[in-house]
Amino acid sequence: MMACGGSRFSHQNFGLGFCSNRIALLSSFMVKPPSSASTIVDNNYNHRFQHRFVSSSSLQSKSPGDIPILPDSFSQREDEHEYPSETLSSVAGGIVALGKFDALHIGHRELAIQASKVGAPYLLSFVGMAEVLGWEPRPPIVAQCDRKRVLSSWAPYCGNVTPKEFQVQFMSVRHFSPRQFVEKLAKELGVCGVVAGENYRFGYKAAGDASELVRLCDEFGMGAYIINSVMDRHQDARNINRCDLKERGQVSSTRVRYALAEGDMKYVSELLGHQHRLLLLVKGWESLTSTSSKHRVSAPKSSLLNLPPKDGVYENCSLLFGERNPVTCRVSIDETHIHLEVDQLDFCDYDHFQNSQVLGIEFGELRVNCV
């Protein structure tokens with residue numbers, strides 16, 4: 001089978017940093033490492049995996065470039081399991097966190113943290129799911145071109161290692177059973193282990209749950225690490241889709257979208273672990289007004305690369321362009337446009353601002369609910 005280093009050798013040499021007779025306890029699940037595993041030579045990981053519980057409380061103790069995409073030939077046929085080594089190189093030997101990583105919120109970060117304690121951390125998610133399932137298109141919470149920056153901010157939590165993303169075409173695995181999916185991770189991708197939340201489901205029609213994931217990973221010689229959900233501290237005060245059976249008070253992308261729709265930027269920051277950054281692709285400002293003390297510019301909402309907060313007026317925002325220092329601004333959003341108002345004194349390089357192709361906005365508090 002494919003070992004942690006991406007090369008092939010016997011079960012006796014396979015290890016994830018724990019001894020063969022150890023059982024790892026993360027959350028309320030008992031997680032068993034491969035029965036034939038031995039201790040890995042790398043001392044950086046050898047001491048990091050111990051008997052332990054990981055819960056949402058552990059979060060309090062922790063202070064995209066090109067994303068590889070699995071080819072569409074992700075075959076179910078037995079004679080096509082093996083791919084050339086260059087296909088495996090980006091994720092082989094790693095520990096992959098499993099989930100839908102739209103928001104890159106603190107629950108997702110916790111998965112990456114736990115993955116980093118065992119090996120090289122990756123986020124494995126699916127692309128093309130909305131198109132295949134016929135979901136209505138909606139803007140992402142994090143702009144695609146901004147994901148690498150967010151993941152880089154996780155490095156201090158992950159042993160100074162930036163988690164990487166690995167994406168699988170959803171169409172290629174849509175009809176996989178839980179067993180087929182885990183087999184692909186082990187045999188085709190050379191993954192050493194997986195990390196998932198306690199509510200994670202996988203396989204065709206979500207047939208597999210966390211306990212099934214543990215069993216199958218053990219069968220295929222991989223580690224499986226199941227962690228408690230990171231809970232939303234404000235869950236009792238929020239009325240968020242109580243009919244959703246998956247809604248149990250955990251931090252989720254749904255909650256982030258709800259908070260943005262409410263214009264509650266403090267709550268958004270708590271869920272994300274950082275300020276929400278809205279990106280605009282600027283091809284030319286539609287309108288420009290200037291007074292003795294203010295510049296005001298406007299751009300259509302069609303220029304936005306990700307999900308904006310509720311329409312309204314936001315004070316004490318930060319405007320980011322290029323490598324320049326952030327500029328304080330006032331942002332107003334209406335049904336069709338976003339408007340920026342900047343002090344002349346703060347706006348020392350207006351020509352550079354006009355020529356910037358992508359601008360970022362980080363929001364202060366919502367002051368007025370209509371423009």
*Asks:* Do V173 and K184 come close enough that some side-chain heavy atom pair is under 4.5 Å?
*Replies:*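 The answer is no; the side chains never approach within 4.5 Å.
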*Asks:* Check the pair F363, Y314 against ring-ring contact (aromatic ring centres under 6.0 Å, His included), reporting the backbone distance first and the verdict last.
*Replies:* CA-CA 7 Å; F363 290 83; Y314 296 83; 5.1 Å; yes
*Asks:* For H337 and S298, which I'm curious about, is there any donor-acceptor pair between the side chains at under 3.5 Å?
*Replies:* no
*Asks:* Rounded to the nearest 0.5 Å, how far does CG of L307 lie from NE2 of H276?
*Replies:* 6.0 Å
*Asks:* Heavy-atom distance under 4.5 Å between the side chains of S125 and V168, does that happen here?
*Replies:*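 No - every pair of side-chain heavy atoms lies 4.5 Å or more apart.
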*Asks:* Is the closest side-chain heavy-atom distance between W154 and I113 below 4.5 Å?
*Replies:*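 Result no, sub-4.5 Å side-chain heavy-atom pair not found.
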*Asks:* Looking at residues at least two apart in the chain, or sitting in another chain, which of them share a ring pair (Phe, Tyr, Trp, His ring centres under 6.0 Å) with H105?
*Replies:*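 Counting only residues at least two positions away or on another chain, H105 forms a ring pair (Phe, Tyr, Trp, His ring centres under 6.0 Å) with H108.
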*Asks:* Whether the side chain of R330 engages the backbone of V342 through a donor-acceptor N/O pair (distance < 3.5 Å, no angle test) should be reported.
*Replies:*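 Absent.
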*Asks:* Is V195 close to V96 at the side-chain level, that is, under 4.5 Å between some pair of heavy atoms?
*Replies:* no
*Asks:* Looking at side-chain heavy atoms only, is the closest gap between V150 and H274 below 4.5 Å?
*Replies:* yes
*Asks:* Heavy atoms only: give me the nearest P163-A112 pair and the separation to one decimal.
*Replies:* CG-CB, 3.9 Å
*Asks:* For A259, enumerate each residue passing the side-chain contact (heavy atoms from CB on, under 4.5 Å) test, keeping only those at least two apart in sequence or located in another chain.
*Replies:* Y267, V268, L271
*Asks:* Just to verify, what does E362 make a salt bridge (Lys or Arg N to Asp or Glu O under 4.0 Å) with, not counting sequence neighbours?
*Replies:*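 Only R277 meet the salt bridge (Lys or Arg N to Asp or Glu O under 4.0 Å) criterion with E362.
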*Asks:* Working note: F101 + L111, criterion side-chain contact (heavy atoms from CB on, under 4.5 Å); need CA distance, chi angles, decisive distance, verdict.
*Replies:* CA-CA 11 Å; F101 300 103; L111 292 172; 4.0 Å; yes
*Asks:* Evaluate the side-chain contact (heavy atoms from CB on, under 4.5 Å) criterion for residues N199 and S229: first the C-alpha distance (whole Å), next the side-chain angles of each, then the deciding distance (0.1 Å), finally the verdict.
*Replies:* CA-CA 8 Å; N199 299 321; S229 300; 3.4 Å; yes
*Asks:* Report yes if some heavy atom in the side chain of M231 is under 4.5 Å from a heavy atom in the side chain of V251; otherwise report no.
*Replies:* no
*Asks:* Partners of E212 by salt bridge (Lys or Arg N to Asp or Glu O under 4.0 Å), sequence neighbours excluded?
*Replies:*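 Salt bridge (Lys or Arg N to Asp or Glu O under 4.0 Å) list for E212, sorted by chain: R215.
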*Asks:* Heavy atoms only: give me the nearest C329-L319 pair and the separation to one decimal.
*Replies:*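 Result for this residue pair: SG-CB, 3.9 Å.
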*Asks:* Residues two or more places apart in sequence or in another chain: which of them pass side-chain hydrogen bond (donor to acceptor under 3.5 Å, both in side chains) with E341?
*Replies:* none
*Asks:* Do side-chain atoms of N306 reach the backbone of L279 as a donor and acceptor pair under 3.5 angstrom?
*Replies:* yes
*Asks:* Which heavy atom of A299 sits nearest a heavy atom of S303, and at what distance?
*Replies:* CB-OG, 3.9 Å
*Asks:* According to the interplanar angle, ranging from 0 to 90°, do the rings of F170 and F126 count as parallel (below 30°), tilted (30 to 60°) or perpendicular (above 60°)?
*Replies:* perpendicular
*Asks:* Holding to salt bridge (Lys or Arg N to Asp or Glu O under 4.0 Å), I want the full list of residues that pass it with D209, two or more places apart in sequence or in another chain.
*Replies:*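 Applying salt bridge (Lys or Arg N to Asp or Glu O under 4.0 Å) to D209 gives none.
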*Asks:* A side-chain contact here means heavy atoms from C-beta on lying under 4.5 Å apart; do F202 and L216 qualify?
*Replies:*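 F202 reaches L216 side chain to side chain.
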*Asks:* Could you walk me through whether L272 and I106 pass the side-chain contact (heavy atoms from CB on, under 4.5 Å) test, one step at a time?
*Replies:* CA-CA 5 Å; L272 295 179; I106 58 176; 6.0 Å; no
*Asks:* Charged N to carboxylate O below 4.0 Å: is that the case for D264 and K310?
*Replies:* no
*Asks:* If the condition is side-chain contact (heavy atoms from CB on, under 4.5 Å), which residues does Y204 pass it with, not counting sequence neighbours?
*Replies:* H175
*Asks:* What do the steps show when you test T328 against C317 for side-chain contact (heavy atoms from CB on, under 4.5 Å), and what is the final call?
*Replies:* CA-CA 6 Å; T328 301; C317 302; over 6 Å; no
*Asks:* Could you tell me whether the side chain of F166 reaches within less than 4.5 Å of the side chain of L189, counting heavy atoms only?
*Replies:* yes
*Asks:* Measure the spacing between CG of L278 and CD1 of I338 and express it to the nearest 0.5 Å.
*Replies:*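 That separation rounds to 5.0 Å.
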*Asks:* Kindly write out the residues that satisfy side-chain hydrogen bond (donor to acceptor under 3.5 Å, both in side chains) with K266, not counting sequence neighbours, or none if the list is empty.
*Replies:* none
*Asks:* Tell me if a side-chain donor or acceptor on K301 pairs with a main-chain N or O of D334 at a distance below 3.5 Å.
*Replies:* yes
*Asks:* Let me confirm one number: the OG1-CG distance from T254 to D232, rounded to the nearest 0.5 Å.
*Replies:*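 Answer for the OG1-CG pair, T254 versus D232, is 12.0 Å.
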*Asks:* Heavy atoms only: give me the nearest T162-A155 pair and the separation to one decimal.
*Replies:* OG1-CB, 3.7 Å
*Asks:* So which heavy atom on L104 is nearest to which on R147, and how close?
*Replies:* CD2-NH2, 3.6 Å
*Asks:* Once salt bridge (Lys or Arg N to Asp or Glu O under 4.0 Å) is applied, do any residues pair with E131, and if so which ones, sequence neighbours excluded?
*Replies:*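 Scan of E131 (salt bridge (Lys or Arg N to Asp or Glu O under 4.0 Å), adjacent residues dropped) gives none.
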*Asks:* Return the minimal non-hydrogen interatomic distance between R257 and I141, and the atom names on each side.
*Replies:*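 The pair with the smallest heavy-atom distance is CG-CD1, 3.6 Å.
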*Asks:* Can a salt bridge be assigned to the pair R367 and E365 using a cut-off of 4.0 Å between side-chain N and carboxylate O?
*Replies:*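 So R367 pairs with E365 through a salt bridge.
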*Asks:* Can you tell me if Y122 uses its side chain to pair, donor with acceptor, with the backbone of V191 under 3.5 Å?
*Replies:*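 No; judged by distance alone, with no hydrogens or angles, the pair does not exist.
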*Asks:* Who pairs with S269 by side-chain contact (heavy atoms from CB on, under 4.5 Å), at least two apart in sequence or on another chain?
*Replies:*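 Once residues adjacent in sequence are excluded, the partners of S269 under the side-chain contact (heavy atoms from CB on, under 4.5 Å) criterion are Q275.
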*Asks:* How long is the gap from OG on S252 to NZ on K100, to the nearest 0.5 Å?
*Replies:* 11.0 Å
*Asks:* What pairs with P326 under side-chain contact (heavy atoms from CB on, under 4.5 Å), at least two apart in sequence or on another chain?
*Replies:*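 For P326, the residues satisfying side-chain contact (heavy atoms from CB on, under 4.5 Å) (neighbours in sequence not counted) are S318, L320.
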*Asks:* Taking the basic N atoms (NZ, or NE/NH1/NH2) and the acidic carboxylate oxygens, is any pair closer than 4.0 Å for R179 and E219?
*Replies:*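 Looking at R179 and E219, the cut-off is met.
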